[in-house]
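These notes concern the structure reproduced below.
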Amino acid sequence: IVMPSREQIEQTMKTHFESWNNQDKDTWMNNWRDDVVMYDPVGGPNKSGIQALEDTWRNSFKDGHHWTIEPVFMQVCENQAALHVKNYGVVDNEKIELDSIEIYWIDDAGKVFQVQTYFGPPEGRTLDPFFSKVES
């Protein structure tokens with residue numbers, strides 16, 4: 001198995017945060033593999049492929065919504081980066097802040113192919129249905 005180098009993983013994560021915060025969609029989208037699987041958050045619906053990336057971007061930056069993300073601490077093991085992330089959001093024109101734990105799997109080309117995020121909605125709020133498990 002060919003593993004990405006630590007430098008590749010660090011660069012991939014730097015690109016992820018910088019392109020998101022600069023709203024550079026093309027660079028952000030290009031940082032992911034086409035067959036990406038997102039568990040965002042774990043326990044919610046699994047999101048797969050380019051469409052999941054498109055939907056995540058659109059939901060995060062639609063009218064009255066905006067997010068910036070700040071990596072607080074990152075640990076790299078093998079082909080994974082585990083991070084504590086501060087999420088600064090505006091949802092329906094209301095400021096919110098939440099902490100998440102996020103794990104990214106990166107291939108030897110430096111592309112993210114899986115992500116698992118762990119977070120709950122801020123106090124007194126429900127998250128966008130896109131992020132919630134659909135009750136059957």
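We're numbering straight along the sequence, starting at 1. In this text, all values refer to a predicted model and were calculated from it rather than measured experimentally.
- Note that the NZ atom of Lys14 and the OG atom of Ser19 stand 11.0 Å from one another [nearest 0.5 Å].
- In terms of modelled atom types and a separation under 3.5 Å, the side chain of Thr12 and the main chain of Gly110 share a donor-acceptor contact.
- Listed by chain and residue number, Trp20, Trp57, His66 satisfy the ring pair (Phe, Tyr, Trp, His ring centres under 6.0 Å) test with Phe61 (two or more places apart in sequence, or in another chain).
- Contact of the Ile69 side chain with the His16 side chain is registered, since non-hydrogen atoms from C-beta on lie closer than 4.5 Å.
- With hydrogens and angles ignored, the 3.5 Å screen pairs no side-chain donor or acceptor of Asn30 with any backbone N or O of Asp26.
- Between Trp32 and Tyr104, the closest side-chain pair of non-hydrogen atoms falls below 4.5 Å.
- In terms of heavy atoms, Pro4 sits closest to Gln8 at CA-OE1, 3.0 Å.
- Under the 4.5 Å side-chain criterion, counting only non-hydrogen atoms from C-beta, Ile106 is in contact with Met13.
- Here the CD-CD1 distance, from Glu94 to Ile96, works out to 7.5 Å after rounding to the nearest 0.5 Å.
- Heavy atoms only, all atoms of each residue included: Asn87 and Ser100 are closest at ND2-OG, 2.9 Å.
- Side-chain contact between Met38 and Leu53 is present, with heavy atoms from C-beta onward closer than 4.5 Å.
- Expressed to the nearest 0.5 Å, how far CD of Glu54 lies from CG of Asn59 amounts to 11.5 Å.
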What donor-acceptor contacts under 3.5 angstrom involve side-chain atoms of residues 72-86, with partners at least two apart or in another chain?
unit_1 : atom_1 : unit_2 : atom_2 : d
His84  : NE2    : Asp99  : OD1    : 2.7
Lys86  : NZ     : Asp99  : OD1    : 3.2
Lys86  : NZ     : Asp99  : OD2    : 3.4

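- Remark: the Gln11 side chain and the Thr15 side chain contain an N/O donor-acceptor pair separated by less than 3.5 Å.
- Between the Asp107 side chain and the Ala109 main chain, a donor and an acceptor come within less than 3.5 Å of each other.
- For Lys47 (side chain) and Val36 (main-chain N/O), no donor-acceptor pair under 3.5 Å exists by modelled atom type.
- Between Arg6 and Glu10, at least one side-chain N (NZ, or NE/NH1/NH2) sits under 4.0 Å from a carboxylate O, which counts as a salt bridge.
- The backbone N or O of Tyr39 sits nowhere less than 3.5 Å from a side-chain atom of Asn46 that would complete a donor-acceptor pair.
- Separation of atoms OH (Tyr118) and CG (Asp40) is listed at 11.5 Å; rounding is to 0.5 Å.
- For the residue pair Asn21/Thr68, the side-chain donor-acceptor check at 3.5 Å is not satisfied.
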